[in-house]
There are 2 protein chains.
Amino acid sequence: MAKMAPDQIAERLDAFETRCRQLGLPLTTQRHAVLRAVLEHHDHPTADQVLETVRDRVPGISRTTVYRALDTLVALGFVRRLHHAGPSARFDGQTHRHHHLICDKCHKVIDLQDESLDRLHISEVHAEGFQIEDFSVHFMGICRACRRSEPS
Amino acid sequence: MAKMAPDQIAERLDAFETRCRQLGLPLTTQRHAVLRAVLEHHDHPTADQVLETVRDRVPGISRTTVYRALDTLVALGFVRRLHHAGPSARFDGQTHRHHHLICDKCHKVIDLQDESLDRLHISEVHAEGFQIEDFSVHFMGICRACRRSEPS
DNA sequence: TGCTATTTGCAAATCAGTGTCAAGAAGGTC
DNA sequence: GACCTTCTTGACACTGATTTGCAAATAGCA
C-alpha cells in the first residue's frame, strides 16, 4: 500500500482548508492535524492510532476530539471509514479500491489489491434507488494458516 | 428482498437438527430459536436485533447465549456473519450466493441477486494460500430512504 | 477588541462483545 | 424413569470502542 507523496498531502490539506471556508466551518488546528495524520498513514489506522500520531504535533489533543474530527472528515468526504472484522473502525485517506479475503475459521481479514476485480460493471446492477458509490468483493474461505492447522 | 418461505425455513431448521445429531452437539431450545429468528428476518439483523426477536419465543434468553449461538451457527455454516456493514456485525441466513447493498448512512443491508455478478473469475485472483469457497460483492452507497431524508 | 457560534476537553455514559462460573438442560445408560 | 456426564445457559463483571453532556476555550468576523 503506497504511502501518499508529501505534495499530494499538502494538496489535500489545501483542499480541506478551502472547503472549510466555503462551508463556514472553523478550521481548527485539531481538525487539520487529524486529516494530516490520516493522510500520512500508509495503512488503515484505527482512531486510536490516529490519536497517537496526532499527539506528536498537538500533544494535548483529546481522544474525543479525534473521534469528532474523523466524523467531520468522513462527512466531508476527505476520509473514508472502513469496518473490518475487528471491534474498531479504520480510516483511510486514500480512496483506492481494495477487496477482502475473509477466513471462515479464524475470521481474519486480508486486504487484496486486484485490478481485474476493479473492472466490474456497476451500471448493470439493478439498484432500486440505491446510489452506489463504490464496491468491494469479499472472498470467503479458509486461510493458509487454518488450512495447515486443521486439514479436515 | 425476498423473505424466506415458511417451508424453506422449516427445511433449514431440520437440516440443523440433523447436523447437530451428526456432531453430537446438544440441540437446545435456544440455538434452535436463534437460527429460526435469523431465518425469519428478511433483513440482516445485528446480534441485539436477533435477541429481541428470539425473546418473543424464549422470553428468558440471555444476550450472552444469543452471541454464543450465533457463533456456533456461523461455525456450522448455517448463518453468515457480515462485517463491513457498520459498527456491529450483522447476520444472514441465506447461504446461496448473493450480494449486498450497504448504506453508508444507516448501515442497512439490502440483498441483491444479480446473475452477471456471479460470473466472476475467481481463478484469476491471486490468493496466496487462501482457499476460496465463495464470494460476495458489497456495494457501498446511500439508500433511497437516506437520500430522501438528507438531500445534501 | 469584542461578540457569537462552534469546537474542545474532560468525565461519565453507552455500546458491542467477551470471560467467568455456578446452576441447568441434553443425550445417552441402566 | 433415575442417573450420570458433558456441554450449555444465564447472570454478572469486564474490556475496549465510541458517544454524550456540559463548561471553558477558540475561530471567524464586525
Tell me, please, which residues at least two apart from [X] pass ring-ring contact (aromatic ring centres under 6.0 Å, His included).
| X | answer |
| --- | --- |
| Phe16(B) | Phe78(B) |
| His32(A) | none |
| His100(A) | His84(A), His98(A), His138(A), His84(B) |

**Fill in**
A correct 5'-to-3' footprint of nucleotides 25-30 of chain D, with B, S and - meaning base, sugar-phosphate only and no protein heavy atom under 4.0 Å, is --SS--

**Prompt:** Do Asp111(B) and His42(B) have a side chain donor and acceptor closer than 3.5 Å?
**Reply:**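 There is no such pair (donor and acceptor under 3.5 Å, judged by atom type) between the side chains of Asp111(B) and His42(B).
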
**Asked** Once you round it to whole Å, what is the distance between C1' of dT18(D) and CZ of Arg90(A)?
**Response**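 One finds 15 Å between C1' of dT18(D) and CZ of Arg90(A), rounded.
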
**Complete:** The first and last nucleotides of DNA chain C lying within contact of chain A, meaning any atom under 4.0 Å from one of its heavy atoms, run from dT6(C) to dA11(C)

**Request:** Report yes if the side chains of Thr28(A) and Thr65(A) come closer than 4.5 Å at any heavy-atom pair, otherwise no.
**Result:** no

**Prompt:** Does any non-hydrogen side-chain atom of Asp118(B) lie less than 4.5 Å from one of His99(B)?
**Reply:** yes

**Request:** With Arg97(B) as reference, evaluate Asp134(B), Leu117(B), Asp114(B) under the side-chain contact (heavy atoms from CB on, under 4.5 Å) test and give the passing residue.
**Result:**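 Single pass found, and it is Asp134(B).
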
**Request:** For Arg19(B), check salt bridge (Lys or Arg N to Asp or Glu O under 4.0 Å) against everything at least two apart and list the hits.
**Result:**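 If we apply the salt bridge (Lys or Arg N to Asp or Glu O under 4.0 Å) test to Arg19(B), skipping adjacent residues, there are no hits.
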
**Message:** Please enumerate all residues that pass salt bridge (Lys or Arg N to Asp or Glu O under 4.0 Å) together with Arg68(B), with sequence neighbours excluded.
**Reply:** none

**Request:** Please work out if Arg63(B) contacts a base, only the sugar-phosphate, or nothing of the nucleic acid, heavy-atom cut-off 4.0 Å.
**Result:** base

**Request:** Sequence neighbours left out, what passes side-chain contact (heavy atoms from CB on, under 4.5 Å) with Cys143(B)? Give chain and number order.
**Result:**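 Scan of Cys143(B) (side-chain contact (heavy atoms from CB on, under 4.5 Å), adjacent residues dropped) gives Phe130(A), Cys103(B), Cys106(B), Lys108(B), Ala145(B), Cys146(B).
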
**Request:** Pull out every residue in residues 67-83 of chain B that has a heavy atom closer than 4.0 Å to any atom of DNA chain D, ordered by number, or say none.
**Result:** Arg68(B)

**Message:** I need the residues from residues 50-59 of chain A with at least one non-hydrogen atom less than 4.0 Å from DNA chain C; give them sorted by number, or say none.
**Reply:**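 Heavy-atom cutoff 4.0 Å gives no residues at all.
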
**Geometric class of the Phe135(B)/Phe139(A) ring pair [parallel <30°, tilted 30-60°, perpendicular >60°]** =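 Ring orientation, 0 to 90° scale: tilted.
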
**Whichever of Thr64(B) and Thr64(A) has its nearest DNA chain C nucleotide further upstream toward 5'** = Thr64(A)

**Message:** Filter on ring-ring contact (aromatic ring centres under 6.0 Å, His included), then keep only pairs touching residues 51-70 of chain A, sequence neighbours left out; what's left?
**Reply:**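 Listed by first then second residue: nothing to list.
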
**Item:** Verify same cluster id: Val66(A), Leu82(A) (apolar side-chain graph, 4.5 Å)
**Value:** no

**Request:** State, to the nearest 10°, the angle formed by the axis through the first five base pairs of the helix from dT1(C)-dA30(D) to dC30(C)-dG1(D) and the axis through its last five.
**Result:**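 The two end axes of the helix from dT1(C)-dA30(D) to dC30(C)-dG1(D) meet at 30°.
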
**Message:** One thing to verify: whether Arg80(A) and Glu133(A) come together as a salt bridge, which I'm taking to mean a side-chain N less than 4.0 angstrom from a carboxylate O.
**Reply:**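 Judged by the 4.0 Å cut-off on N to carboxylate O distance, Glu133(A) and Arg80(A) do not form a salt bridge.
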
**Complete:** Taking every heavy atom of Val34(A) against every heavy atom of Val54(A), the minimum-distance pair comes out as CA-CG2, 3.8 Å

